[in-house]
Amino acid sequence: MAPPSLPPRLVSSVPGTWAHATMSDRVHSQILSRMLADNAEALSSPAFAAVNASLLSLLDEVQSSSPLLALAADPHSPDVPLWNSLLAPYLTSTYLTAPWLLAEFYVYRRVIQSLGYSNPASPGHLLDPFLAQKSAGLASSYASADALLGRLGPLRSDRELPGLALALFSSLWGNRMDLSIWPADASETEDVFSGVLASSHANLLSDDSPSLFSDLLSSPSPLRVDLIVDNAGFELITDLAFADYLLSSSLASSVTFRVKAHPTFVSDATPADLLSHVEAYAASPLPNCAAAGERWRAHLSAGRFLVKPDAFWCQPLAMAWEMPPSLRSEMEGGCDLAVVKGDANYRRLLDDRAWDLVGDRFGDVVSEFPTSVVALRTLKAEIGCGMEQGKVEEARGADPDDWMVTGKYGVVQYHRKGGGA
Ligand SMILES: O=P(O)(O)OC[C@@]1(O)O[C@H](CO)[C@@H](O)[C@@H]1O
């Protein structure tokens, strides 16, 4: 059930906001245009004529902020009725006037419709239109990852703070290395992440890591952890490393990677992305990467790492109180701690609403989430709750124009089910 009083949803109609910049410009001029360019060869072939026309029409609709359209009925896509019920109140709204979360996720769902992603007869069946960017992101991850995995190596089986903190904060700040903001092909040989990790602690605007660490380290038995995954590329590598640490230190007995059922946003991970990252690392010439990839592969074969896709993670629904009953009861019964990664997942955790950045407590906002939950999020959208007043003022003072959107600042926010932190 939703909390009794909810603040308004974010919209993208206000010039000067990141939401407006995203929906009025970034989505068509950078994200969709680059996707079309990256797939130009396939899209120009006769087999893809209808797919290409449909994607160009989507580009045009977004560019001109046209009204949202219902999805076409599709026997291969059981999510269409749900989508159309979400869209129904907004069919006279445009990409800018509909709630931001709905309009933005809708763009990616329309890409899936254009591809005929679920239809075995379509040329776009199971085609990931963002694969080129994901591959570039993976290629640029190795140098930073090898250094990180080398540092984590000696700490991996210690059930102690230094290893746990390094693993968790790597996964948090890994979220800063997002393909939609950082160029995926920025550097293939340079370790850029060590600098980010070393300088970032002061940029935490809310830090519940002490109570999380204390709960984890004092738990009488290993936990079943669900990791609600965000980006492929370097961030996913830091997530795999964090999950590996939790298993090898016996803090967790299993880690379930909850991934997107179909490509969503630029780099959000699907099952294929996770498996391809593991295989690519296992085959790496860099020793720390190769050893990690082999361990991750072994975790997968032994069922200690599980990969579960769900369409829910691709939908603009409130994570805490609009989870489908079957998924909710699966998590209630099989997960002790959920780790929610990244900015877009965080927006869904907060239902993309304008909570008071300081006054609304994280634990109150997410109290309906089915399990204990920790959010590891760098700020890339103008939304938040439960942050420290003084820290917010410092961030705003240092970066008045963009402190909420560049990923420079972050939060670790933890709610313990049945006795919140
Ligand atoms: O979820 P992530 O990868 O951390 O961030 C995704 C992001 O860059 O794209 C979303 C939409 O534009 C925003 O929520 C956020 O700015």
Side-chain angles (χ1 to χ4, degrees), residues 9-12 14 17-35 62 95-96 98-111 130 133-134 137 141 170-184 196 200 203 205 227-239 258-260 263-270 273 313-319 339-355 374-385 399 401-413:
R9 288 208 159 91
L10 301 195
V11 288
S12 33
V14 184
T17 62
W18 177 245
H20 182 261
T22 294
M23 296 310 295
S24 67
D25 178 45
R26 184 169 153 250
V27 168
H28 71 81
S29 75
Q30 293 175 36
I31 297 176
L32 293 179
S33 298
R34 176 152 182 195
M35 179 201 76
V62 177
Y95 283 88
L96 291 181
W100 181 25
L101 193 72
L102 175 78
E104 196 175 28
F105 274 74
Y106 171 74
V107 170
Y108 298 95
R109 183 60 185 79
R110 282 283 305 275
V111 170
F130 302 111
Q133 290 185 70
K134 290 175 176 173
S141 71
S170 300
S171 172
L172 164 66
W173 295 111
N175 177 241
R176 190 172 166 183
M177 321 292 272
D178 164 11
L179 299 188
S180 69
I181 294 179
W182 289 53
V196 170
S200 292
N203 296 341
L205 306 183
L227 206 153
I228 298 165
V229 177
D230 186 27
N231 297 298
F234 183 75
E235 182 177 358
L236 180 55
I237 298 303
T238 63
D239 295 338
R258 302 265 175 197
V259 288
K260 304 283 191 297
T264 305
F265 289 100
V266 179
S267 52
D268 285 15
T270 62
D273 295 323
W313 311 116
C314 313
Q315 291 162 353
L317 294 168
M319 230 181 244
V339 181
V340 174
K341 285 299 315 286
D343 192 79
N345 282 329
Y346 186 86
R347 286 172 56 199
R348 297 177 55 223
L349 201 51
L350 270 58
D351 200 25
D352 220 29
R353 290 177 183 272
W355 302 93
V374 57
L376 304 181
R377 173 236 182 176
T378 67
L379 277 65
K380 301 178 203 161
E382 290 130 333
I383 182 172
C385 68
D399 299 286
D401 298 330
D402 58 7
W403 68 279
M404 295 196 82
V405 300
T406 60
K408 175 176 170 184
Y409 297 95
V411 296
V412 176
Q413 293 182 310

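Please read all numbers here as calculations on a predicted model, not as lab measurements. FYI, the numbering just counts along the sequence from 1. Just so you know, ligand 1 is whichever comes first in the structure, and atom 1 is the first atom listed for that ligand.
Evaluated for a side chain to side chain contact (heavy atoms under 4.5 Å, CB included) with Met404, the options Thr17, Leu379, Asp399 yield exactly one hit, Leu379. When each of Asn345, Asp230, Asn175, Asp343 is checked for a side chain to side chain donor-acceptor pair (under 3.5 Å) with Arg377, only Asp343 meets the rule.
In summary, the atoms of ligand 1 found under 4.0 Å from a heavy atom of Asn175, numbered by their order in the structure, are 4 (O). The ligand atoms of ligand 1 that sit less than 4.0 angstrom from a heavy atom of Thr22 are 12 (O). Numbered from 1 in the order shown, with element, the atoms of ligand 1 that lie under 4.0 Å from a heavy atom of Asn231 read 2 (P), 3 (O). With ligand atoms numbered from 1 in the order given, ligand 1 contributes 1 (O), 2 (P), 3 (O), 4 (O) to contacts under 4.0 Å with heavy atoms of Asp230. Per-residue contacts place Phe265 under 4.0 angstrom from the following atoms of ligand 1 (heavy atoms of the residue considered): 10 (C), 11 (C).
Of the candidates Arg26, Glu104, Arg176, the one placing a heavy atom closest to atom 7 (C) of ligand 1 is Arg26.
Using a 3.5 Å distance cut-off with no hydrogens or angles, the side chains of Gln413 and Tyr346 do pair a donor with an acceptor. One side chain, Ser29 or Asp25, offers a donor N or O that lies under 3.5 Å from an acceptor on the other. With hydrogens and angles left out, the side-chain atoms of Lys380 and Thr406 include no donor and acceptor closer than 3.5 Å.
Ligand 1 has no nitrogen or oxygen under 3.5 angstrom from a nitrogen or oxygen of Trp100. The distance criterion of under 3.5 Å between nitrogen or oxygen atoms is met by Trp18 with respect to ligand 1. Polar contact with ligand 1: present for Asp343 (N/O pair, distance under 3.5 Å). Geometrically, ligand 1 and Ala344 share a nitrogen or oxygen pair separated by less than 3.5 Å. Close N/O approach between Lys380 and ligand 1 is found [any backbone or side-chain N/O within under 3.5 Å].
At a heavy-atom cutoff of 4.0 Å, ligand 1 is contacted by the side chain of Arg347 but not by its backbone.
A distance of 6.0 Å or more separates the ring centres of Phe265 and Phe130.
Judged by a 6.0 Å distance limit and a 45° cone about the ring axis, Arg348 is not positioned over the six-membered ring of Trp313.
The minimum heavy-atom distance between Val374 and Val412, with the atom names listed, is CG2-CG1, 3.9 Å.
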